[in-house]
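Written below as structure tokens is the structure these notes are about.
Keep in mind that the numbers below use all heavy atoms, side chains included, and drop hydrogens, waters and symmetry copies. Predicted model, so just to flag it, every value in this text is computed and none were measured. Chain naming here is simple, since letters A, B, ... match the order of the sequence lines and numbering starts at 1 in each.
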Amino acid sequence: MEAWSSLMDGFSAAISPYNLLFALIGCIAGTLVGVLPGLGPTAAIAMLLPLATMLDPAPAIIMMAAIYYGAMYGGSTTSILVNIPGEASSVPTAMEGYQLTLQGRGGPALGISAIASFLAGTLGVVGLTFFAPVLARAALAFGPPEYFALTFLGISLVVSLSGRSLGKGLLSALLGLLTAMIGLDPLSGVARLTFGSYQLMAGIDFVPIIMGLFAISEILVNAEKKTRMILEGKKIEWLPTWQDIKETWAATIRSGFLGFFFGLIPGCSPAVTSFMAYDMEKRFSKHPEKFGKGAMDAVASVEGSNNATASGGFVPLLAFGIPSGPALAVLLGGFIMYGLQPGPRLMQEQPHLLWTIIASMYIGNVILLILNLPLVGLWARMALVPFPILGPFITVFTLIGAFSLRYSFFDLWVALLFGVVGYLMRKLEFPVAPMVLATVLASMMETSFMQSITMSRGSLLIFFTRPISAAFMLLTVLSIVSGMLLIRKAKAKNVELEESDA
Amino acid sequence: MFRTRRSTDIATGVFLAALGATAAAAATGIGEGAGGQLHPRTFPMMIGALLFIGGAVLAIRAAADKSGGSKATAWPDRSGWRLLAIAMAGLAAYVALSQALGFIISSLIFVPWFIRYFGRYSYWAACSCALGIAAFIYFVFIRLLQLTLPIGPLSFLG
Amino acid sequence: MKRSKWSVMLALWICLGLMAGAAVSAFAQDKSFPTKPITYLTTFNPGGQSDREARRQQPLLEAILGQKVIVDYKVGGGGALGWSELVRSKPDGYLICGINIPHIIIQPLQQETGYKTEQIVPVSIFQRTPLALAVLKESPYKDLKEMLAAAKAKPGEISIGGSGTFSGHHIATLRLQKMTGAKFNYVPFTGAAPQITAFLGGHVNAIFGNSDDLVKHSDTIRVLGTADDQRFFGFPNAPTFKESGIDLVESIDRGVGLPPNTPEPIVKILEAAFLKIAKDPAIQEQMKKEGFVPLAMGHAESKAHIEKMTAIYKDIIKDIK
């Protein structure tokens, strides 16, 4: 196996103390920006670009890559502990993980998420190592019709997940789509629903919306109850047990495959992947009724898929120089500053450098596991901090995080407004997830629809004549039908039980 | 008023329908794009219309279903409303203060207020939390991560 | 009672802060420009090309001007939000803002955006990204002539991908159509990355792309024409449109601007700083490596350039609308 010997060659370089040191720095920095809500690897990597003039390419790119996948490890922490998903892809983690924290199982949830991140992330790197050339073409098979079908599928899956309150889930999704329409049309730049306000022309970013719906509404709910401790029970567990690991490893592996596959598709929002992983696990799970009330396998699945997606994203990046998101775009900028252009030619001209970077990703994942597991117990103790002290910390970190995206105070008012919206949605029993995903995907859904119609010069058939797109459309129909059947069945079975399931 | 799920569903349904209708109406005023097959108003109008229909269906179904939705909505009691309003006002004041004085000073005011008001912890505890968070904002966000956060009168700190 | 003690403390804190601030600003009054930190506003996302350009200049500007330069962001509306903030700012030179051409020309022509092109006082234009028409290596069109012939034979069937409508790419396509009589199907994307991805995947037949994006894929693509006066150094074998007898010059230019009515001496000081950086051979070398054409236009030259382009775009936009 050629890849094998190249990889070993890469390891021998990646393991040099100098490269190891930069992998470690990258992992620590990545974990830090990942933990802080709203901040992400993009800004952190951009900040380090000037270092390119001082360092050799290998350590610099190893460090930047480590920041990227390291941020995925940190992303779950605040979601699980204090219900702040820092980005759209950790929303399902917050939905399940925070429930676990309330039950005193925040520690195990963090531990499982670190382990799942490690397993699925490494699985993704294995995929990158051995199948990159074969799979790279898959990345290019996605054109506008496929993206539209995928986003359409994603939103219908989440709506169908709302189970009994399917109608409210649909309304929630529509509300999210409508919010995302405000601002300039992403293609033509025409102002829409801005009512003459220049502020609104900038549009409403989804991160402040998510932070409002989750973190701010959480503060409001606890303030109203004058909560002292967020923990519901007395019993607290610090670390995952073997039982936890045994129950979640299958979910982790499944999500690893799913995440890696979707990671290959550039421009496929990581939020789609994590919601799909969540949905898939609910369908696979032996105890789907636990979903929404703290399901450990859901946490494993979502965090696993996030990390596998991160590894998968390196395939189109290295094979064609196509970045699948802003963070990888900046990383690509790092390559270019060294005069290196990722693509087939780089694979031939600089194989040693590429394999060193890939090998460092195995090492980086191990470093991250070692770094994160001991922190779990420490983080988990946050659950012991009384709400009156935790609350202001949540506020400050959430709002600064929301601010740092576009450096706009308008976004903070948006976060507060959606805090109220989130509060009302909780009280009125509207599911939040469809709204989040709809807001995130609206722009891609609309533009890919417009592009497809332009490509087909007006025909809707384009979504059904291309095989991948047609398959997604079929899955969409299936998910809607199965969602409706589930309601039917539940209604027939037990009306009482339904009522309790919010 | 709005005590049961039925009544809140009717109210939300009407509200969403009105929102959808407003959006659809506002969307008719969206300007022409250039080229392309579809007008930029297509999506906003469609979503507005669907929201109108969905809201109306929710309201009508809730109104028709006199028995099912009698479950009470979990609204807070009087003191709960008061606390909720105060928390909201505090958050709004924090954002407004940050805009005027920067994040460090506003946090130095907001954090101890929140801790004292909702927790009645000692001044000592409240102030040390505030100082801790201010130091974190300065050293981690501004110094280490180089975020250009407004710091108002403290701008001499660079 | 406890509550009132608390509010006294609050007031104390605020006073302390304000006093400290006042003391510092008073201390720094009498010196010539710049006497305090300068804000460099970027109107696109952190990490984007405009941001990276600002970050590249930041330390050099600090060295030349002897003051801190803070990179700040006002993102949204394709830049419009930041530029409308720029023209409303105090014209004291402490707020400079990245500008992009043709964006600042086309946006006000398209709709009410909160600023007018003439309001922005350009300091310098330091970077050009020429556009080029490219197809994949496997494409049947070997040169521009073949492609135009095919487009005339089956009007509207050959698709050209670009970034956005009312954008440089879109206008280049429209101008090409107008000049040659060929008809294309223009498919807009939301940015360079999705545009290039769809192009490499064969979902559009050709693209109008930015030179820096095309350079990254020079192995897999064929450039049919460069929309510049000279051949682009990244594609020395690709002819310009002018060589094919089509007078099509389109580029995206980056620079910085100031609010209206900024005093002349301040413009001069900043112009000198930016030109010094733009003329630095090391910086020029870096830009070339990344696929850009380094420029060093001063205030007057930039102003003339913007006026010239405004006249051209006015005619084109009239045709589309």
Look at [options] and state which one has the largest set of heavy-atom pairs under 4.5 Å with chain B.
{"options": "Glu446(A), Lys225(A), Lys226(A)", "value": "Glu446(A)"}
{"options": "Ile182(A), Val33(A), Ile389(A), Leu412(A)", "value": "Ile389(A)"}
{"options": "Trp413(A), Phe397(A), Phe393(A), Phe387(A)", "value": "Trp413(A)"}

With chain A, which of [options] has the greatest number of heavy-atom pairs at distances under 4.5 Å?
{"options": "Phe118(B), Phe114(B), Phe136(B)", "result": "Phe114(B)"}
{"options": "Phe43(B), Phe141(B), Tyr121(B)", "result": "Phe43(B)"}
{"options": "Ala87(B), Gly119(B), Pro76(B)", "result": "Pro76(B)"}
{"options": "Ala23(B), Ala92(B), Gly20(B)", "result": "Ala92(B)"}
{"options": "Ser106(B), Ala130(B), Ser107(B), Ser98(B)", "result": "Ser98(B)"}

Atom pair [atom1]/[atom2] of [X] and [Y] - distance to nearest 0.5 Å:
{"X": "Ile219(A)", "Y": "Leu84(B)", "atom1": "CD1", "atom2": "CG", "result": "12.0 Å"}
{"X": "Ile133(B)", "Y": "Ile400(A)", "atom1": "CD1", "atom2": "CD1", "result": "7.5 Å"}
{"X": "Phe110(B)", "Y": "Thr395(A)", "atom1": "CZ", "atom2": "OG1", "result": "4.0 Å"}
{"X": "Met181(A)", "Y": "Met46(B)", "atom1": "CE", "atom2": "CE", "result": "8.5 Å"}
{"X": "Thr8(B)", "Y": "Leu428(A)", "atom1": "OG1", "atom2": "CG", "result": "5.5 Å"}
{"X": "Met450(A)", "Y": "His39(B)", "atom1": "CE", "atom2": "NE2", "result": "9.5 Å"}

Under 4.5 Å from a heavy atom of chain B, the part of [X] involved:
{"X": "Leu32(A)", "value": "side chain"}
{"X": "Arg228(A)", "value": "side chain"}
{"X": "Leu39(A)", "value": "side chain"}
{"X": "Ala44(A)", "value": "neither"}

At their closest point, which heavy atom of [X] faces which heavy atom of [Y], and how far apart are they?
{"X": "Ile30(B)", "Y": "Ala191(A)", "value": "CG2-O, 4.0 Å"}
{"X": "Pro44(B)", "Y": "Leu178(A)", "value": "O-CD1, 4.5 Å"}
{"X": "Val190(A)", "Y": "Pro40(B)", "value": "CG2-CG, 4.1 Å"}

Does Phe103(B) have its ring centroid less than 6.0 Å away from the ring centroid of Phe409(A)?
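Ring centres of Phe409(A) and Phe103(B) closer than 6.0 Å.
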Parallel, tilted or perpendicular for Trp75(B) and Tyr423(A), by the 30°/60° rule?
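The rings of Trp75(B) and Tyr423(A) sit tilted, inter-plane angle from 30° to 60°.
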Identify which part of [X] has an atom lying under 4.5 Å from any heavy atom of chain A, answering side chain, backbone, both or neither.
{"X": "Ala96(B)", "result": "both"}
{"X": "Leu50(B)", "result": "both"}
{"X": "Ile86(B)", "result": "neither"}

With a 4.5 Å limit on heavy-atom distance, are the side chains of [X] and [Y] in contact?
{"X": "Leu145(B)", "Y": "Leu36(A)", "result": "yes"}
{"X": "Pro150(B)", "Y": "Phe403(A)", "result": "yes"}
{"X": "Phe430(A)", "Y": "Leu16(B)", "result": "yes"}

How would you list, by chain and number, every residue that makes a side-chain hydrogen bond (donor to acceptor under 3.5 Å, both in side chains) with Thr31(A), sequence neighbours excluded?
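Checked Thr31(A) against side-chain hydrogen bond (donor to acceptor under 3.5 Å, both in side chains); zero matches.
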Is the shortest side-chain N to carboxylate O distance from Lys168(A) to Asp9(B) below 4.0 Å?
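A salt bridge is present here (some side-chain N lies under 4.0 Å from a carboxylate O).
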As a quick check of understanding, evaluate side-chain contact (heavy atoms from CB on, under 4.5 Å) for Leu220(A) and Leu91(B), giving each step before the final call.
CA-CA 10 Å; Leu220(A) 295 179; Leu91(B) 290 171; 4.1 Å; yes
Main-chain N/O of Ala27(B) paired to Arg192(A) side chain as donor or acceptor, under 3.5 Å
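Here the side-chain-to-backbone pair does not exist.
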